[in-house]
Amino acid sequence: MIKITLPDGSGREYNSSVTALKVAEDISPELAEEAICAEVNNKPVDLNYPIDTDSTVVIHTFKNDKGKEVYWHSTAHLMAQAVKQLFPDVKIAIGPAIEQGFYYDFDRDEPFTEEDLQKIETRMKELSAKALPYYRTELSKAEAIELFSKMDETYKLELLEDIPENEIISSYRQGDFIDLCRGPHLPDTGKIKAIKLLRTSGAYWRGDEKNKMLKRIYGISFPTEKELADYLHFLEEASKRDHRKLGKDLDLFSINDEVGPGLVLWHPKGAMVRHLIETYWKEEHLKKGYQLVYTPHLGRANLWETSGHLNFYKENMYSKMDIDGQDYYIKPMNCPFHISIYNSSLHSYRELPIRLAELGTVYRYERSGVLHGLMRVRGFTQDDAHIICTPEQMDREVDKLIVFSLDMLKAFGFKEFLIYLATKPEDCVGEKEDWDKATASLANSLQKLGLEYKVDSGGGAFYGPKIDIKIKDALGRAWQCTTIQFDFNEPERFDMIYIGGDNSAHRPYMIHRAVLGSVERFFATLLEYHSGNLPLWLAPVQIMLIPITDAQINYARKIEEQLLEQGFRCELDSRSEKMGYKIRSAEKNKIPFMCILGKNEAANNQITLRQHTVGDLGAMNWEEAIAILRKEL
RNA sequence: GCCGAUGUAGCUCAAAGGUAGAGCAAUUGAUUUGUAAUCAAUAGGUUGGGGGUUCAAUUCCCUUCAUCGGCUCCA
């Protein structure tokens, strides 16, 4: 008797060996139809995996992430099969599922063209129609090497090299296609109903730019055509939210060829939003005991030698400039300046922690291919601060910082965050014990606050481990905002000290942090998050005054003056156009409120409000209107 | 930097080996309008830059710059 336990705690009994598929069939025909793979005693397996002992069984469908992953991974195999049939000379590399779909890397001299993608997609559909079963075969390492040598799949052989001798290796075959793969997979290719190959790109073998660049094809698939159509619709909608498009449409910023790539021009409306963000930022920091500072954009070579940047950060720094025979560098970071401020006088332990904050504009060389709107630029303003404290104060400061960061991001409307703990990279300064201690301290803070996080192994800065908080853009790509970095490099290098209670000099700890990350990136993410519909307090123009005829222009001017007096940002549309035209124009510019003023309003001393995307709010007196506006702030 | 695609008016897009056209926006005039586009006229371009092929290039070729999608790298 074999006892099967299901996730809801219910159980089923079988007389002899049973498969996950059979269990699914016994639960419901729908589940059997939708089933993709299973987990038996927490081990991912194919649906036809024989279960011989008492087990817990979970059936995965496309509705959950594990099911999706297997579904897409199986589609990647299907694509590779189609590619091998159409282009027998290509060598296959790797083809995993990703967050939205899958890709497969191929070694081929010619690029894949649009027409190639079409052909591959068509062939995939033909292969899917045949409902070819995915067969699993287990082999020894020697057998696997023999198999893939015969097929001359050199990349697979390279992967095999890294697998330990005694490990059982599996391969999967559907039709004429065999791939080295851990699995599990779909029962057959017929489950893959709707397929779209999305784009091609180059990708380095094993993600290392020293290796050969392979040709990658990205795609996605779904169990129904409708889901595919919905996904493609989502992509279209997302591109409307792209901050680069909104920036142009709403006249917020531009990046100009003549000025230079990666260098941002903030137009008046964008600058207003930035001003509002920065003002709020400064106020909040003052409340948290930060002190504002300003520092220069250049510094002597000496300074950057002391800080270590010329050693560890040189490839991101612009070339030196000569001033009176001395070498200077434009700053890629603010820390040496903040430290210089700290070091300008002697500090007692009673003064600590000292928190120096600056909206500091830095310039970093970014390789041409990585620039991306405002998300990745060459000149940007960090909302930077350095916290200098005693070792005992360190943990508490980190705790406060995490809370402060999340509160600040929430104030701008964000709700979902991805938190990472980035650990020691290979190229770095400092002792291993210090790294371990600091990393443990950061992890401890996250755990204490009950926050979920992932470990980004080797992702730390050269001077210390860090906590990063990321926010997603319109297309689901994550961008780093908050970074909290421990730095035990610079206090040493700059010989920072404080006088302790024992009347002797001690080395302080230093935390380097940015909450928004960079104002540019944060602004871009904010725009995308709100689809350009900024909340009232951040809208560059809050109210558009719309007189219905020229006869109401004077009345509109009076209202405009009163609104300005109350601190609202408004504009008057005095063009000789019909009201509908002016409303359309204000709606398209995503202005939160419109104030419609016709002869009725003028006669009764009233205001008619219209709210963006909501519509007409009706006529009202001044106090009512102000109350509505205030409520939205 | 690497792989691929793209570059035409302020914006969105057409056309084409014989020197470019529309809609929106802009300007001017008429219109004075009640909740998402009033009508008309005008103006706007060295087709990203440079070079080559050709009687002729914006179209074909080379090169360079930039943008877009990825890779690597990062706030």
Side-chain angles (χ1 to χ4, degrees), chain A residues 103 105 108 110-114 198-218 239 242 244-245 248-249 251 254-258 260-262 313 315-316 332-333 360 362 364-384 422 459 461 466 468-470 475 477 479-483 485 513-522 524-525 546-553 575-588 594 596-601 608-619:
Chain A
Y103 66 77
D105 287 346
R108 180 184 189 228
E110 308 77 44
F112 289 104
T113 62
E114 275 298 312
L198 295 164
R199 56 182 168 265
T200 58
S201 89
Y204 300 108
W205 167 237
R206 296 193 145 181
D208 187 336
E209 64 183 329
K210 292 187 200 78
N211 289 340
K212 185 171 185 181
M213 184 161 265
L214 308 172
K215 305 287 189 291
R216 175 173 296 179
I217 303 176
Y218 285 92
S239 75
D242 191 309
R244 290 165 299 187
K245 181 170 167 43
K248 204 182 273 180
D249 291 350
D251 195 19
S254 63
I255 295 170
N256 176 297
D257 220 4
E258 212 177 342
Y313 208 69
E315 58 288 10
N316 289 294
M333 291 189 194
V362 297
R364 297 181 185 174
Y365 172 70
E366 297 288 348
R367 301 206 279 181
S368 60
V370 307
L371 299 174
H372 182 97
L374 295 186
M375 296 288 194
R376 192 80 183 270
V377 290
R378 286 182 171 160
F380 58 98
T381 300
Q382 289 185 304
D383 66 314
D384 209 355
K466 57 177 184 168
D468 289 336
I469 303 177
K470 300 186 187 189
L475 283 168
R477 294 175 290 207
W479 294 94
Q480 182 176 320
C481 286
T482 303
T483 184
Q485 316 185 339
R513 45 113 285 180
V515 172
L516 309 178
S518 85
V519 180
E520 285 74 7
R521 178 177 291 179
F522 182 74
T525 323
I546 300 179
I548 292 181
T549 75
D550 288 357
Q552 287 87 44
I553 286 186
R575 294 177 295 182
S576 83
E577 295 287 351
K578 288 169 75 169
M579 176 190 58
Y581 182 88
K582 296 181 188 179
I583 288 176
R584 179 180 159 81
S585 158
E587 288 282 358
K588 285 186 71 170
M594 281 146 273
I596 316 286
L597 304 165
K599 60 176 188 296
N600 299 335
E601 286 81 358
T608 293
L609 277 186
R610 180 192 164 97
Q611 191 170 4
H612 173 53
T613 71
V614 174
D616 191 1
L617 302 181

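Chain letters run A, B, ... following the sequence lines, proteins first and then strands; every chain starts at 1.
Nucleic acid contact class of A/R364 (heavy atoms, under 4.0 Å, all strands): base. Heavy atoms of A/D383 sit nowhere under 4.0 angstrom from any nucleic acid atom. Within 4.0 Å of A/S585, counting heavy atoms only, lies no atom of the nucleic acid at all. Within 4.0 Å of A/K582, counting heavy atoms only, lies no atom of the nucleic acid at all. Using a 4.0 Å heavy-atom cutoff across all strands shown, A/K466 reaches sugar-phosphate atoms only and no base atom. At the heavy-atom level, A/R610 lies under 4.0 Å from base atoms of the strands shown. Among the atoms of the strands shown, base atoms are found under 4.0 Å from some heavy atom of A/R521. In this structure, A/M375 reaches the bases: a heavy-atom distance under 4.0 Å links it to at least one base atom across the strands shown. When heavy atoms are screened at a 4.0 angstrom cut-off, A/G598 is found touching base atoms of the nucleic acid. Contacts of A/E587 with the nucleic acid, taken as non-hydrogen atoms under 4.0 Å apart, include base atoms. Among the atoms of the strands shown, base atoms are found under 4.0 Å from some heavy atom of A/E366. Residue A/V362 is classed as having no contact, given no heavy-atom separation below 4.0 Å to the nucleic acid.
Between the CZ atom of A/R584 and the C1' atom of B/U38 there is a distance of 14 Å, given to the nearest Å. Across the protein-nucleic acid pair, A/W205 atom CH2 and B/U72 atom P stand 13 Å apart, rounded to whole Å. Between the CD1 atom of A/I548 and the C1' atom of B/U33 there is a distance of 8 Å, rounded to whole Å. We find that CG of A/D208 is positioned 12 Å from C1' of B/C73, with the value rounded to whole Å. B/U72 atom P lies 17 Å from atom OH of A/Y365, rounded to whole Å. Between the CG atom of A/D550 and the C1' atom of B/U33 there is a distance of 10 Å, given to the nearest Å. A/K578 has its NZ atom 10 Å from the P atom of B/U35, to the nearest Å. The separation between A/K470 atom NZ and B/A75 atom P is 9 Å, rounded to whole Å.
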Would A/Q552 and A/E601 count as a side chain to side chain contact (heavy atoms under 4.5 Å, CB included) here? Give the steps. CA-CA 9 Å; A/Q552 287 87 44; A/E601 286 81 358; over 6 Å; no

Give the C-alpha distance, both sets of side-chain angles, the deciding distance and a yes or no for salt bridge (Lys or Arg N to Asp or Glu O under 4.0 Å) between A/K466 and A/D468. CA-CA 6 Å; A/K466 57 177 184 168; A/D468 289 336; 3.3 Å; yes

Determine whether A/S585 and A/R575 satisfy the following criterion, side chain to side chain contact (heavy atoms under 4.5 Å, CB included), listing intermediate values before the conclusion. CA-CA 11 Å; A/S585 158; A/R575 294 177 295 182; 3.3 Å; yes

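Scanning for side chain to side chain contact (heavy atoms under 4.5 Å, CB included) contacts around A/Y204 gives A/E209, A/M213, with sequence neighbours left out. Checked against salt bridge (Lys or Arg N to Asp or Glu O under 4.0 Å), A/E315 has no partners two or more places apart in sequence or in another chain. A search for ring pair (Phe, Tyr, Trp, His ring centres under 6.0 Å) contacts involving A/F380 returns nothing, not counting sequence neighbours. Partners of A/Y581 by ring pair (Phe, Tyr, Trp, His ring centres under 6.0 Å), not counting sequence neighbours: none found.
For the P atoms, the distance linking B/U19 with B/U58 amounts to 12 Å, nearest Å. Separation of the P atoms belonging to B/G50 and B/U12 is 23 Å when rounded to the nearest angstrom. The C1' atoms of B/C65 and B/U72 are separated by 22 Å, rounded to the nearest whole Å. One C1' atom belongs to B/A25, the other to B/C11, and the distance between them is 7 Å to the nearest Å. For B/A41 and B/G51, the C1' atoms lie 43 Å apart once the distance is rounded to whole Å. Look at the P atom in both B/U47 and B/U8: the space between them is 12 Å, to the nearest Å. B/G29 and B/U35 have their P atoms separated by 28 Å, with the value rounded to a whole Å. Separation of the P atoms belonging to B/U28 and B/A16 is 37 Å when rounded to the nearest angstrom.
Salt bridge annotation for A/D208-A/R206: absent, with no cationic side-chain nitrogen under 4.0 angstrom from a carboxylate oxygen.
For the pair A/D616 (side chain) and A/R610 (backbone), a donor-acceptor distance under 3.5 Å is absent. Panel note: side chain A/T549, backbone A/A551; a donor-acceptor pair is recorded below 3.5 Å. Although no hydrogens or angles enter the test, the distance criterion places a donor-acceptor pair under 3.5 Å between the side chain of A/R513 and the main chain of A/D383.
Summary of the strand contacts: A/R367 and A/D249 both lie near RNA chain B, and taking for each the nucleotide with the nearest heavy atom, the more 5' one is attributed to A/D249. Looking at which nucleotide of RNA chain B each of A/G207 and A/G615 is closest to, the 5′-most match is held by A/G615.
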Using a cut-off of under 3.5 Å, enumerate the N/O to N/O pairs linking the protein to nucleotides 2-8 of chain B.
residue : atom : partner : partner atom : Å
B/C3    : O2   : A/G202  : N            : 3.1

Protein-nucleic acid N or O pairs under 3.5 Å, nucleotides 24-26 of chain B:
residue : atom : partner : partner atom : Å
B/A25   : OP1  : A/Y581  : OH           : 2.7
B/A26   : OP1  : A/R575  : NH1          : 3.4

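Nucleotide B/C73 is matched to nothing when pairs are restricted to Watson-Crick or G-U wobble geometry with both distances under 3.5 angstrom. Pair assignment for B/A5: B/U67, on the basis of Watson-Crick or G-U wobble contacts that are both within less than 3.5 Å. Shown here, B/U46 forms no base pair; nothing in the strands shown gives a Watson-Crick or G-U wobble contact with both key distances under 3.5 Å. Base pairing analysis places B/U59 opposite nothing; no Watson-Crick or G-U wobble pair with both distances below 3.5 Å involves it. Figure legend. B/G23 is base-paired to B/C11; pairs are counted as Watson-Crick or G-U wobble with both atom distances under 3.5 Å. Pairing for B/U38 is with B/A30, a Watson-Crick or G-U wobble pair whose two hydrogen-bonding atom distances lie under 3.5 Å.
The shortest distance between side-chain heavy atoms of A/R364 and A/M333 falls below 4.5 Å. Put simply, the side chain of A/E114 does not reach to within 4.5 Å of the side chain of A/F112, judged on heavy atoms. Side chains of A/R376 and A/E520 form no contact here, defined as non-hydrogen atoms less than 4.5 Å apart.
For the pair A/F380 and B/A75, the ring geometry qualifies as stacking, because the centroid separation is below 5.5 Å while the planes lie within an angle under 30°.
Considering only the side chain of A/Y218, B/G70 comes nearest among B/U31, B/G70, B/U12.
Counting atom types as modelled, A/T549 pairs no side-chain N or O with a base atom of B/U33 as donor and acceptor under 3.5 Å. Put simply, the side chain of A/D616 and the base of B/G34 share no donor and acceptor less than 3.5 Å apart.
In terms of phosphate contacts, A/H372 brings a side-chain nitrogen or oxygen within less than 4.0 Å of OP1 or OP2 of B/G69. Residue A/R244 places no side-chain N or O under 4.0 Å from the OP1 or OP2 atom of B/A66. Between A/K210 and B/U72 there is no side-chain polar atom (N or O) within less than 4.0 angstrom of OP1 or OP2.
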